[in-house]
Amino acid sequence: MTDNYDDIINLPHHVSANHPPMPMHDRAAQFGSFQALTGRDTSAISDPAMTEKPHYNVVAAVVFKDGKFLCTRKGQTRYPYTTLKWEFPGGKIEAGETPQQALQRELLEEMDYQVKVGRHLITVNHEYPDFSITLATYLCAPISPDFKLKEHSGCCWLPKEDLNTLDWAAADAGIIRLLMQ
């Protein structure tokens, strides 16, 4: 297994958590200045960054114990297409973190759960209506005997043949297909 972030998650170079997109009013000022300087009509200029959806780099733990996988259910979210959907626990990668460090931090924050992060399973790119994600998943083993849900509305342990009985978040569908092979 590599510790090089770029080898694990293949992101386009223009995606960067350290450089948020310029606010729309600043872009408008730029285009206005261009028009004033050149005399050219800029109304037909299309700036993809003005309409680009946010992109998040996230990780998920596929925790396996006693022949079953840990499945967690999201609570109420701002998007109806993610509310109360099932997912593998995890979260956003912060600047300067490896995916493995992010995974350990997220599970401690959200569940008081310590896991040993194992091998990379799959990376899924998914576009939701309002944002897109690159989701790197890792096979994990529990270190802590128990956890407590702080952000999820439910959880269960399921064998692989029952994973498709839950209403999964769309980004997790590729993970389920891999696990059920």
Side-chain angles (χ1 to χ4, degrees), residues 1-13 15-18 54-75 77 79 81-128 131-181:
M1 181 190 311
T2 178
D3 289 329
N4 185 336
Y5 178 79
D6 292 328
D7 290 343
I8 296 169
I9 301 174
N10 297 317
L11 294 176
H13 291 290
V15 176
S16 172
N18 298 327
H55 181 87
Y56 303 105
N57 304 312
V58 296
V59 287
V62 178
V63 182
F64 189 70
K65 176 181 145 187
D66 299 330
K68 295 181 179 179
F69 294 95
L70 175 61
C71 310
T72 54
R73 188 176 59 207
K74 289 178 166 285
T77 71
Y79 305 112
Y81 50 83
T82 59
T83 294
L84 300 176
K85 298 290 185 178
W86 289 86
E87 66 176 0
F88 292 104
K92 293 178 189 166
I93 300 171
E94 293 182 358
E97 282 184 319
T98 66
Q100 295 88 344
Q101 291 168 333
L103 202 46
Q104 289 175 322
R105 177 188 50 76
E106 284 287 344
L107 269 63
L108 279 173
E109 287 176 4
E110 293 182 359
M111 304 172 66
D112 283 337
Y113 201 33
Q114 289 184 309
V115 297
K116 179 181 180 194
V117 180
R119 72 178 181 88
H120 175 253
L121 290 177
I122 187 173
T123 295
V124 176
N125 292 299
H126 186 78
E127 291 219 14
Y128 286 105
F131 61 95
S132 64
I133 65 170
T134 297
L135 172 62
T137 59
Y138 292 84
L139 187 60
C140 297
I143 294 173
S144 304
D146 297 311
F147 56 85
K148 58 182 170 188
L149 298 179
K150 297 178 181 179
E151 301 201 12
H152 293 92
S153 64
C155 71
C156 64
W157 291 89
L158 291 177
K160 76 176 188 174
E161 56 272 5
D162 292 340
L163 290 173
N164 62 357
T165 64
L166 301 177
D167 185 15
W168 290 91
D172 288 70
I175 305 164
I176 300 304
R177 282 191 297 275
L178 174 74
L179 294 174
M180 294 192 69
Q181 290 180 357

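Just so we're clear, the structure is a prediction, and the values are computed from it rather than from any experiment.
Rounded to the nearest 0.5 Å, atoms OG1 (Thr123) and OH (Tyr138) are 6.5 Å apart. For the atom pair CD1 (Ile175) and CG (Leu121), the distance works out to 8.5 Å, reported to the nearest 0.5 Å. Here the CD1-SG distance, from Ile176 to Cys71, works out to 6.5 Å after rounding to the nearest 0.5 Å. For the atom pair Met111 CE and Ser144 OG, the distance stands at 10.0 Å (nearest 0.5 Å). Annotation: the span from Cys155 atom SG to Leu158 atom CG amounts to 10.0 Å, rounded to 0.5 Å. Within the model, atoms CH2 of Trp157 and NZ of Lys65 stand 5.0 Å from one another, a figure rounded to the nearest 0.5 Å.
Checking Phe88, Tyr113, Phe64 one by one against Leu70, the side-chain contact (heavy atoms from CB on, under 4.5 Å) holds for a single residue, Tyr113.
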Between Glu109 and Glu151, is the side-chain contact (heavy atoms from CB on, under 4.5 Å) condition met? List the steps.
CA-CA 9 Å; Glu109 287 176 4; Glu151 301 201 12; 5.8 Å; no
Pair Lys150-Asp112, side-chain contact (heavy atoms from CB on, under 4.5 Å): steps then yes or no:
CA-CA 8 Å; Lys150 297 178 181 179; Asp112 283 337; 3.0 Å; yes
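Counting heavy atoms from C-beta on, the side chains of Leu107 and Gln114 never come closer than 4.5 Å. Counting only heavy atoms from C-beta outward, the side chains of Tyr56 and Ile133 approach each other to under 4.5 Å. Taking 4.5 Å as the limit, every side-chain heavy atom of Phe147 sits out of range of all side-chain heavy atoms of Pro89. Residues Val124 and Thr137 have side chains not in contact (no heavy-atom distance under 4.5 Å, counting atoms from C-beta outward).
Remark: aromatic rings of Tyr128 and Tyr81 are close, center separation under 6.0 Å.
Across Leu103 and Ala61, no two heavy atoms sit closer than the pair CD1-N, 3.5 Å. Scanning both residues, Glu106 and Gly90, for their nearest heavy atoms gives OE1-O, 3.7 Å. Minimum heavy-atom separation, Pro159 to Lys68: N-CG, 3.8 Å. Closest of all the heavy-atom pairs between Leu135 and Ala60 is CD1-CB, 3.6 Å. Residues Val115 and Gln104 share a closest heavy-atom pair of O-NE2, 3.5 Å. Between Ala170 and His126, the closest heavy-atom pair is CB-NE2, 3.4 Å.
Of the possible polar contacts, none joining the Thr134 side chain to the Asn125 backbone as a donor-acceptor pair under 3.5 Å is found. Panel note: side chain Ser153, backbone Lys74; a donor-acceptor pair is recorded below 3.5 Å. Judged by distance alone, the side chain of Trp168 and the main-chain N or O of Leu163 form a donor-acceptor pair under 3.5 Å.
Annotation for Lys92: atom NZ does not count as buried by contact number, only 12 or fewer foreign heavy atoms lying within 6.0 Å.
The side-chain hydrogen bond (donor to acceptor under 3.5 Å, both in side chains) check on Asp162 picks up nothing, with sequence neighbours excluded. Shown here are the side-chain hydrogen bond (donor to acceptor under 3.5 Å, both in side chains) partners of Lys160, two or more places apart in sequence or in another chain: there are none. When the side chain to side chain contact (heavy atoms under 4.5 Å, CB included) test is applied to Asn164, the partners found at least two apart in sequence or on another chain are Met180.
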